[in-house]
K.L.:
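Quick one: structure below, then a few questions.
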Amino acid sequence: MASTAPFAKMNGIGNEIIVADMRGRADRVTPAAALALNADGATKFDQIMAIHDARTPGTAFFIDILNSDGTGAQACGNGMRCVVQALAAETGQKAFALETVAGILNAEEHADGLISVDMGKPRFGWQDIPLAEEFRDTRMIELQVGPIDAPELHSPSAVSMGNPHAIFWVDRDVWSYELDRFGPLLENHPIFPERANITIARVTSPETMVIRTWERGAGLTKACGSAACAAVVAAARTRRTGRSVSLVTPGGGSLHVEWRGDDHVILTGAAEWEFSGRFDPSTGVWARDNESVA
Ligand SMILES: N[C@@H](CCC[C@H](N)C(=O)O)C(=O)O
């Protein structure tokens, strides 16, 4: 049995996150451990954010991201806020440069407790998202769900925020769509060779939007930060909104996204600590603090 590592169960406006402290050790959280933690109601999560020692000078830590199905992810905006809150509480420092497989992100905790993460620059090229076939204009790609002459959902925008996203624009209440049924089909559609996060978005004004997301590797979630960023960028690109938008997410929380003039996308929102414990990164066996790991 590997030695145990500390973790914190947290959430980013309802997005269920485990922040695992893997600093000072060479092993990784295994897919088997992720599946075991997700199978337990107390530690059920959408993403694990595993904090490792820095790999690159100028960065504080390397963050490995796992979805609840044990697969890796390149970006997780809500999880990054949880990481920043945990590190700020531990160190008193407010700003961090954190590396992921997708690159280096800067993040900071503000005086009001909200946390902003610079999610980097969006990418729109079909090979960057990636899509399986050439689309010269990814503001609207050919993809639909439902009858050919009366599709339920159609013509999504596609965006990479480091991870792949498709955003379907709807006029009705986002809760009136069977995203639990369409989500898995769309996530695994052959047009997305690396699968995709699937969002339905209803623009309610040039500064406001409501979204629901089926996350790649995690399913329906109460919030998805990178999807919020992808939705705002895609909405601004298609002239549905401006570049500074507040979003309501399924958990009832709100996020703010600004697509700055320098092309960087800034995600701002809250993060919340729930409880702490220790776990075995190879098996997922865990215990709360003050209990012993079996
Ligand atoms: N919840 C996240 C996104 C997590 C990654 C996603 N499921 C993927 O596989 O790309 C967020 O807040 O961004």
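In each ligand, atom 1 is the first atom listed, and ligand 1 is the first ligand listed. Both backbone and side-chain heavy atoms feed into the values below; hydrogens, waters and symmetry mates do not. Keep in mind the model is a prediction, meaning the values are calculated, not measured.
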K.L.:
Can you find an N/O atom of R216 closer than 3.5 Å to an N/O atom of ligand 1?
P.N.:
yes
K.L.:
Compare all side-chain heavy atoms of S116 with those of V84 and state whether any distance is below 4.5 angstrom.
P.N.:
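No, every pair of side-chain atoms sits at 4.5 Å or beyond.
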K.L.:
Could you list the atoms of ligand 1 found under 4.0 angstrom from a heavy atom of A73?
P.N.:
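Ligand 1 atoms under the 4.0 Å threshold to A73: 5 (C), 8 (C), 9 (O).
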K.L.:
Just need the protein heavy atom nearest to atom 2 (C) of ligand 1, so name the residue and atom and give the distance.
P.N.:
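Sorting protein heavy atoms by distance from atom 2 (C) of ligand 1 puts C76 SG, 3.2 Å first.
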K.L.:
With heavy-atom distances below 4.5 Å as the criterion, would you say the side chains of M119 and I266 are in contact?
P.N.:
no
K.L.:
Could you list which atoms of ligand 1 come closer than 4.0 Å to a heavy atom of N15?
P.N.:
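Here the atoms of ligand 1 in question are 1 (N), 2 (C), 11 (C), 12 (O).
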K.L.:
Relative to the heavy atoms of S226, which atoms of ligand 1 are at a distance of less than 4.0 Å?
P.N.:
3 (C), 11 (C), 12 (O), 13 (O)
K.L.:
Please check if any side-chain donor atom of H165 sits under 3.5 Å from a side-chain acceptor atom of S226, or the reverse.
P.N.:
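Yes.
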K.L.:
Please could you name the atoms of ligand 1 that N67 approaches to less than 4.0 Å, counting only its heavy atoms?
P.N.:
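In order of number, 5 (C), 6 (C), 7 (N), 8 (C), 9 (O).
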K.L.:
Check whether any side-chain heavy atom of S276 sits under 4.5 Å from a side-chain heavy atom of F7, and report yes or no.
P.N.:
no
K.L.:
Could you check whether any side-chain heavy atom of W273 comes within less than 4.5 Å of a side-chain heavy atom of K9, counting everything from C-beta outward?
P.N.:
no
K.L.:
For ligand 1, is there an atom lying under 4.0 Å from some heavy atom of N197?
P.N.:
yes
K.L.:
Enumerate the atoms of ligand 1 whose separation from the nearest heavy atom of N78 is less than 4.0 angstrom.
P.N.:
11 (C), 12 (O)
K.L.:
With heavy atoms under 4.0 Å as the rule, classify the contact between Q47 and ligand 1 as side chain, backbone, both or neither.
P.N.:
side chain
K.L.:
Got P206 and R240 here, is their nearest side-chain heavy-atom distance under 4.5 Å?
P.N.:
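No - every pair of side-chain heavy atoms lies 4.5 Å or more apart.
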K.L.:
Polar-atom distance check: G225 versus ligand 1, any N or O pair below 3.5 Å?
P.N.:
yes
K.L.:
What's the shortest distance from atom 5 (C) of ligand 1 to any protein heavy atom, and which residue and atom give it?
P.N.:
A75 O, 3.2 Å
K.L.:
Restricting to non-hydrogen atoms, name the atom on L267 and the atom on R81 that form the minimum distance, rounded to 0.1 Å.
P.N.:
CD2-NH1, 3.7 Å
K.L.:
Within a distance under 4.0 Å of any heavy atom of N163, pick out the atoms of ligand 1 and give their elements.
P.N.:
5 (C), 6 (C), 8 (C), 10 (O)
K.L.:
If the test is side-chain contact (heavy atoms from CB on, under 4.5 Å), which one of L143, I198, I200 qualifies with L153?
P.N.:
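Between L153 and the candidates, side-chain contact (heavy atoms from CB on, under 4.5 Å) is satisfied uniquely by I200.
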K.L.:
Could you walk me through whether D69 and R195 pass the salt bridge (Lys or Arg N to Asp or Glu O under 4.0 Å) check?
P.N.:
CA-CA 13 Å; D69 70 354; R195 303 186 289 153; 3.5 Å; yes
K.L.:
Report yes if some N/O of A218 lies less than 3.5 Å from some N/O of ligand 1; otherwise report no.
P.N.:
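N/O-N/O distance below 3.5 Å does not exist for this pair.
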